[in-house]
Amino acid sequence: MRDSRQAADRLMGWYDAHARDLPWRVPPGAAARPDPYRVWLSEVMLQQTTVAAVREYFHRFTRIWPDVHALAAAEDPDVMAAWAGLGYYARARNLLACARVVSRDLDGTFPDTEDGLRALPGIGPYTAAAIAAIAFDRPAVVVDGNVERVMARLFAIRTPLPAAKPAIRDAAAALTPERRPGDHAQAVMDLGATICTAKSPSCLLCPLKPDCAGHAAGIAATLPAKAPKKAKPTRRGYVYLARRGSDWLTERRPDKGLLGGMAAFPTSDWSEAPAEAPPFDAPWRDAGEVRHTFTHFHLILTVRVAEATGNPDRGQWTPLDPAALPTLFRKAHALAVT
DNA sequence: GAGCCGTGGGA
DNA sequence: TTCCCAAGGCT
């Protein structure tokens, strides 16, 4: 890549014509800045999550909690329930913690600098830079998965990730303009999401084709190189669905760890050879198995169902809204009621 | 630095 | 079916 300035200009021209219309965005070149609350909320939701998955959640959250004060005043279980199904539940816990800091300590105003943003719960280097650029038009160097892919190709960086991160950041910094840095950041993301995709990129449609060293070398689609992944082990366990009239026995999982803070059915341990651990003695009926894959292991749960016949040693009887459960337990519930 | 932490869709 | 991956953060 020879002329970063020319490439950045080409990219901006492409963005002006092809920017995606997203609920948390203002159009390219708009005089008005987007609402920092909506930018922050969207960026947290979009961490490792597709736009398609986020849309509906974003609309629901902004409808129920239209500003940071409203979200800060929400009850924890209501926010966790609204996040259910989106995954990475630490994000929801940090979201609420962040909203409360901004509402209580910062008078509802988000910091407009990377350092100020970075100090808040759930806001790391990427999200701080993204909010600074998009909401406040600061010339922050935004580096996410899209940027890593685009830069690795544009500059033909063959070093595998994560070792290539410093070089990628330097490349991203060289491309970041003083003018319209917010639109630039979103332009790179849109390019990565629609043209410079991970698999079979559309190089023929790419505005940066004339600048792209990876394309010139015929290796664009193979970049960025990544270290091989480890195989996922399979764990097994039991989940207990107990009904008492219209109520089900549920519990709240501890904040630390998998599905932390979420409503759940009681389970055994999850391991290679799990031990049965029913919450009370009953003639538990076998309703089948649910399979679910987490980030680092596969899980097969045997679903056991019973009518309440005793006093449970954990959890509480509650009218159940399956939509408030993480997907794993939604699957178990669906199996139990068929 | 590396492991942990969800989910659904596409190849 | 299996694998990869999508706007990362925290420890």
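Letters go in sequence order (proteins before strands), and every chain restarts at 1.
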Taking side-chain contact (heavy atoms from CB on, under 4.5 Å) as the definition, give me every residue that meets it alongside R104(A), ordered by chain and number, with sequence neighbours left out.
R100(A)
Linked, directly or transitively: M12(A) and L208(A) (ILVMFWY side chains, under 4.5 Å):
no
Quick note, L328(A) side chain, CB onward, closest among dG6(B), dT7(B), dG3(B) is dT7(B)
Sorted by chain and number, sequence neighbours left out, ring-ring contact (aromatic ring centres under 6.0 Å, His included) with Y57(A) holds for none
Taking only residues two or more places apart in sequence, or in another chain, which ones meet Y238(A) in a ring-ring contact (aromatic ring centres under 6.0 Å, His included)?
none
d(CD, E114(A); P, dG9(C)) in whole Å:
11 Å
In whole angstroms, the gap separating P of dT7(B) from CG of L325(A) amounts to 11 Å
Looking at residues at least two apart in the chain, or sitting in another chain, which of them share a side-chain contact (heavy atoms from CB on, under 4.5 Å) with P233(A)?
F297(A)
When you compare dA6(C) with dC5(B), how far apart are their C1' atoms, in angstrom units rounded to a whole number?
15 Å
Contacts of H296(A) meeting ring-ring contact (aromatic ring centres under 6.0 Å, His included) (sequence neighbours excluded), chain-then-number -> none
Describe the nucleic acid contact of A198(A) in one word from base, sugar-phosphate, nothing, applying a heavy-atom distance below 4.0 Å.
sugar-phosphate
dG6(B) C1' sits how many Å from L301(A) CG, rounded?
15 Å
So F280(A) and W317(A), would you call those rings parallel, tilted or perpendicular, with 30° and 60° as cut-offs?
tilted
ring-ring contact (aromatic ring centres under 6.0 Å, His included) with Y240(A): which residues, sequence neighbours excluded?
W284(A)
Listed by chain and number, what are the side chain to side chain donor-acceptor pair (under 3.5 Å) partners of H298(A), not counting sequence neighbours?
T293(A)
OP1, OP2 of dA6(C) versus side-chain N and O of Y88(A): anything below 4.0 Å?
no
For G122(A) and A193(A), take the nucleotide of DNA chain C holding the closest heavy atom to each; which residue's nucleotide lies nearer the 5' end?
A193(A)
On DNA chain C, does the nearest nucleotide to K232(A) precede the nearest nucleotide to G145(A) from the 5' side, or the other way round? Give the residue.
K232(A)
What does V142(A) touch in the nucleic acid at a heavy-atom separation under 4.0 angstrom: a base, only the sugar-phosphate, or nothing?
nothing
Tabulate atom names and distances for all N/O pairs under 3.5 angstrom spanning the protein and nucleotides 8-11 of chain B.
unit_1: dG8(B); atom_1: OP1; unit_2: T327(A); atom_2: OG1; d: 3.4

Counting any heavy atom closer than 4.0 Å, what does L22(A) reach on the DNA or RNA strands: base, sugar-phosphate only, or nothing?
base
The remaining residues in the hydrophobic cluster of Y126(A), counting side-chain heavy-atom contacts under 4.5 Å among Ile, Leu, Val, Met, Phe, Trp and Tyr, are V142(A), M189(A)
Hey, can you pull the residues of residues 24-49 of chain A with a non-hydrogen atom under 4.0 angstrom from DNA chain B?
Q48(A), T49(A)
Tell me who clusters with V26(A), hydrophobic residues only, linked when side chains sit under 4.5 Å apart either directly or through other members.
none
Roughly how many Å apart are dG6(B) and dT1(C), using the P atom of each and rounding to a whole number?
24 Å
Could you tell me how the ring of F110(A) sits relative to the ring of Y37(A): parallel (under 30°), tilted (30 to 60°) or perpendicular (over 60°)?
tilted
Check whether any side-chain nitrogen or oxygen of T127(A) sits under 4.0 Å from OP1 or OP2 of dG9(C), and answer yes or no.
yes
Residues of residues 251-261 of chain A with any non-hydrogen atom less than 4.0 angstrom from an atom of DNA chain B: list those, numerically ordered, please.
G257(A), L258(A), L259(A)
Whole-Å distance separating the OH atom of Y89(A) from the C1' atom of dG9(C):
17 Å
Would you say V239(A) ends up clustered with L258(A) if hydrophobic residues are merged whenever their side chains have heavy atoms under 4.5 Å apart, either directly or through other cluster members?
yes
Closest-nucleotide mapping onto DNA chain B: is H296(A) or A163(A) further toward the 5' terminus? I mean the 5' end.
A163(A)
In whole angstrom, what separates L86(A)'s CG from dA6(C)'s P?
17 Å
For K165(A) and dG9(C), what is the distance between atoms NZ and C1' respectively, to the nearest whole Å?
12 Å
Whole-Å distance between dC4(B) C1' and L299(A) CG?
16 Å
Counting side-chain heavy atoms from C-beta on, which of dT7(B), dC10(C), dG9(C) comes nearest to P125(A)?
dG9(C)
Send over the distance from L161(A) CG to dC4(C) P, rounded to a whole Å.
15 Å
